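In what follows, a structure is listed as structure tokens, so that the remarks can point back to it.
Note that the structure is a prediction, hence the values are computed from the model and not measured. Below, each value reflects all heavy atoms present in this structure, side chains not excepted, and no hydrogens, waters or symmetry copies.
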Amino acid sequence: MTTATAPTRELDPVHADALHRAALRVYDEFGTSATSPELHGRVQEFAGTFDGALRVRMRPVDTDDGLFVLRGLTVDDTAIGGTPSSWATAGDSAAVWDIVMLLLATLMGNPIAWEGQQDGRFVHNIVPAPGHESEQTGASSSVLLSPHTEDAFHPGRAHLLMLGCMRNHDNVATTAASIRKVRLDEADVAELTQPLLPILPDDAYTEAQGYEGAAAKMPTLFRTEEGPTLRFDPAYAPLEDATPEYRAAYRRLEKELARVSVSVSLKPGEVLVVDNDLVVHGRVPFTARYDGTDRWLKRASVRVPGRRTRPRAEQHEHGYGQAALEAHAA
């Protein structure tokens, strides 16, 4: 893993203030950040008032790095309260920031949520939770969260993933690696573009794990005119069912992703935006204290309308029965 600096985009104070004031007005009107068509309508209305310079700043990721860190927003460590003990107890903790995230997501595309995750909320609280330390989910802490595509099991997964930092006293790093940076020979690429293995639902989707339909097989890599994209989650891919050649190519891909991986230690107010078709992300291990001071991120998922970076065959997958909710239906 390298310590290379992640690309950044800076919000000027005028735009940062406009985002915060808009979020406060939405929160004052609804008193919550919980999902409702009316709230999303107001978010979309306010997003439509922002000037062109902010829209340019919030354009989707457009480099082979596949990510950027948005800077310029600030978080009051006291005002947001203690880090929740789990997503289930978070409720409306730092709810104004949920709305800031929705505004940013709406500027880039269409925010999405999942009926089967965090009660269908569009902004998730990512905090360590007692009893989940060693899982391969955002609630873990003591183990390496393996590099993965967000919601890789589902054809309707986000195009963009946003991680907004509320608190990170211990400088816990998010890891990220772009498929556009790796070096693979043509034989490995040929292996990994075959639809040979499924990706199973992760432990955050217990209902999906009980789905009875046959698991769809999918390629790990996909060629586009702009370059390769990937769909990758080794913790939930049954590699033991693949051929020796495929497993060897997959392991070489893992090593290459580790080689080009960068470490991003977010500061409060910073937002990491990741292209979910180019970049796999994870997290280094840390020791959770469960005293209200642990790392706390807000997560939002975004679809970019009209984007074509995935195989057309994905349209026929069942998604293990999971339904994605759109904030702004067409």
For this session: Tell me whether Met108 is reachable from Ile112 by hopping between hydrophobic residues (I, L, V, M, F, W, Y) whose side-chain heavy atoms are closer than 4.5 Å.
Result: no

Problem set entry | Backbone N/O of Arg57 and side chain of Arg9: donor-acceptor pair under 3.5 Å | yes

For this session: First locate atom CD of Glu254, then atom CZ of Arg251, and finally report the distance between them rounded to the nearest 0.5 Å.
Result: 4.5 Å

Exercise. With no hydrogens and no angle check, is any side-chain donor or acceptor of Thr83 less than 3.5 Å from a backbone partner on Asp294?
Worked result: yes

Exercise. Taking atom types as modelled and ignoring hydrogens, do the side chains of His15 and Asp12 form a donor-acceptor contact shorter than 3.5 angstrom?
Worked result: yes

Exercise. Does Gln209 use its side chain to pair, donor to acceptor, with the backbone of Asp202 at less than 3.5 Å?
Worked result: yes

Exercise. Counting distance only, does the side-chain N/O of Thr220 pair as donor-acceptor with the main-chain N or O of Phe232 below 3.5 Å?
Worked result: no

Exercise. According to the interplanar angle, ranging from 0 to 90°, do the rings of Phe153 and Trp114 count as parallel (below 30°), tilted (30 to 60°) or perpendicular (above 60°)?
Worked result: tilted

Exercise. In terms of hydrophobic clustering (I, L, V, M, F, W, Y; side-chain heavy atoms under 4.5 Å; direct or indirect links), are Val274 and Val271 co-clustered?
Worked result: no

Problem set entry | Same apolar cluster (I L V M F W Y, side chains within < 4.5 Å links), Met101/Val61 | yes

Exercise. Hey, is the main chain of Thr309 close enough, under 3.5 Å, to the side chain of Thr229 for a donor-acceptor pair?
Worked result: yes

Exercise. Can you name the closest pair of heavy atoms from Phe222 and Pro311 and give their distance?
Worked result: CD1-CG, 3.5 Å

Exercise. Is a side-chain donor or acceptor of Tyr236 paired with a backbone partner of Asp203 at a separation under 3.5 angstrom?
Worked result: yes

For this session: State, yes or no, whether a side-chain contact exists between Met166 and Pro268 at a heavy-atom distance under 4.5 Å.
Result: no

Problem set entry | CZ/Arg307: more than 12 non-hydrogen atoms of other groups inside 6.0 Å | yes

Problem set entry | Verdict with reasoning, Leu192 to Leu253, per side chain to side chain contact (heavy atoms under 4.5 Å, CB included) | CA-CA 9 Å; Leu192 296 171; Leu253 172 61; 4.0 Å; yes

Exercise. Do Val123 and Gln118 come within less than 4.5 Å of each other through their side chains, counting heavy atoms only?
Worked result: no

Exercise. So which heavy atom on Ala23 is nearest to which on Ile99, and how close?
Worked result: CA-CG2, 3.7 Å

Exercise. Does any non-hydrogen side-chain atom of Arg299 lie less than 4.5 Å from one of Leu161?
Worked result: yes

Exercise. Between atom CE of Met162 and atom NE2 of His124, what is the distance when rounded to the nearest 0.5 Å?
Worked result: 13.0 Å

Problem set entry | Non-hydrogen side-chain atoms of Arg42 and Phe30 separated by less than 4.5 Å | yes

Exercise. Counting distance only, does the side-chain N/O of Asp65 pair as donor-acceptor with the main-chain N or O of Leu67 below 3.5 Å?
Worked result: no

Seminar exercise, completed: Closest non-hydrogen atoms of Tyr320 and Ile199, given as atom of the first, atom of the second and distance, are OH-O, 3.3 Å

For this session: Look at the side-chain heavy atoms of Ile, Leu, Val, Met, Phe, Trp and Tyr, link any pair under 4.5 Å apart, and say whether Val96 and Phe46 land in one connected group.
Result: yes

Problem set entry | Matching residue for Arg167 among Asp291, Asp77, Asp76 - test: salt bridge (charged side-chain N to carboxylate O under 4.0 Å, His left out) | Asp77

Exercise. Does the pair Lys267 and Arg71 meet the rule for a side chain to side chain contact (heavy atoms under 4.5 Å, CB included), with working shown?
Worked result: CA-CA 9 Å; Lys267 295 178 173 59; Arg71 292 176 173 165; 5.8 Å; no

Exercise. Taking it one step at a time, do Glu317 and Arg231 satisfy salt bridge (Lys or Arg N to Asp or Glu O under 4.0 Å)?
Worked result: CA-CA 14 Å; Glu317 294 179 20; Arg231 189 175 181 183; 2.9 Å; yes

For this session: Might you work through the side chain to side chain donor-acceptor pair (under 3.5 Å) test for Tyr27 and Asp92, ending with a clear yes or no?
Result: CA-CA 10 Å; Tyr27 181 71; Asp92 275 331; 5.5 Å; no

Exercise. Are Phe68 and Thr63 close enough that some pair of their side-chain heavy atoms sits under 4.5 Å apart?
Worked result: no

Exercise. Is the number of heavy atoms from other residues, nucleotides or ligands within 6.0 Å of CD (Glu245) greater than 12?
Worked result: yes

Exercise. What's the spacing between Leu200 CG and Tyr211 OH if we round to 0.5 Å?
Worked result: 14.0 Å

Seminar exercise, completed: Between Asp98 and Ser33 the two heavy atoms that sit nearest each other are OD2-OG, 2.6 Å

For this session: Starting at CG of Leu39, measure out to OG1 of Thr32 and round the result to the nearest 0.5 Å.
Result: 7.5 Å

Exercise. If only atom types and distance count, is the side chain of Arg157 paired as donor or acceptor with the main-chain N or O of Ala152 below 3.5 Å?
Worked result: no

Problem set entry | Pairwise distance NZ(Lys181) to CD(Glu256) - rounded to 0.5 angstrom | 13.0 Å

Exercise. Where do Asn125 and Ala90 come nearest, in terms of heavy atoms and distance?
Worked result: ND2-CB, 3.4 Å

Exercise. Side-chain contact, heavy-atom cut-off 4.5 Å: Val69 with Leu266?
Worked result: yes

Exercise. Would Glu226 and Arg180 satisfy side chain to side chain contact (heavy atoms under 4.5 Å, CB included), going step by step from the backbone distance to the final call?
Worked result: CA-CA 10 Å; Glu226 293 78 23; Arg180 302 277 171 87; 4.1 Å; yes

Problem set entry | salt bridge (charged side-chain N to carboxylate O under 4.0 Å, His left out) partners for Glu133, two or more places apart | none

Exercise. Side chain of Glu270, backbone of Leu73: donor and acceptor closer than 3.5 Å?
Worked result: no

Problem set entry | Heavy-atom side-chain proximity of Leu297 to Cys165 below 4.5 angstrom | yes

Problem set entry | His148 side chain vs His281 backbone, donor-acceptor pair below 3.5 Å | yes

Problem set entry | Any donor-acceptor N or O pair under 3.5 Å, side chains Ser141, Arg295 | no

Problem set entry | hydrophobic_cluster_shared for Val264 and Ile126, side chain cutoff 4.5 Å | yes

For this session: For residues Thr49 and Glu45, report the shortest heavy-atom separation together with the two atoms involved.
Result: CG2-O, 3.4 Å

Exercise. Got a second to check how far Arg183's CZ is from Arg252's CZ, nearest 0.5 Å?
Worked result: 14.5 Å

Exercise. What is the ring orientation for His40 with His328, classed by angle as parallel under 30°, tilted 30 to 60°, or perpendicular over 60°?
Worked result: perpendicular

Exercise. Mind checking whether Thr224 and Asp277 have side chains closer than 4.5 Å, heavy atoms only?
Worked result: no

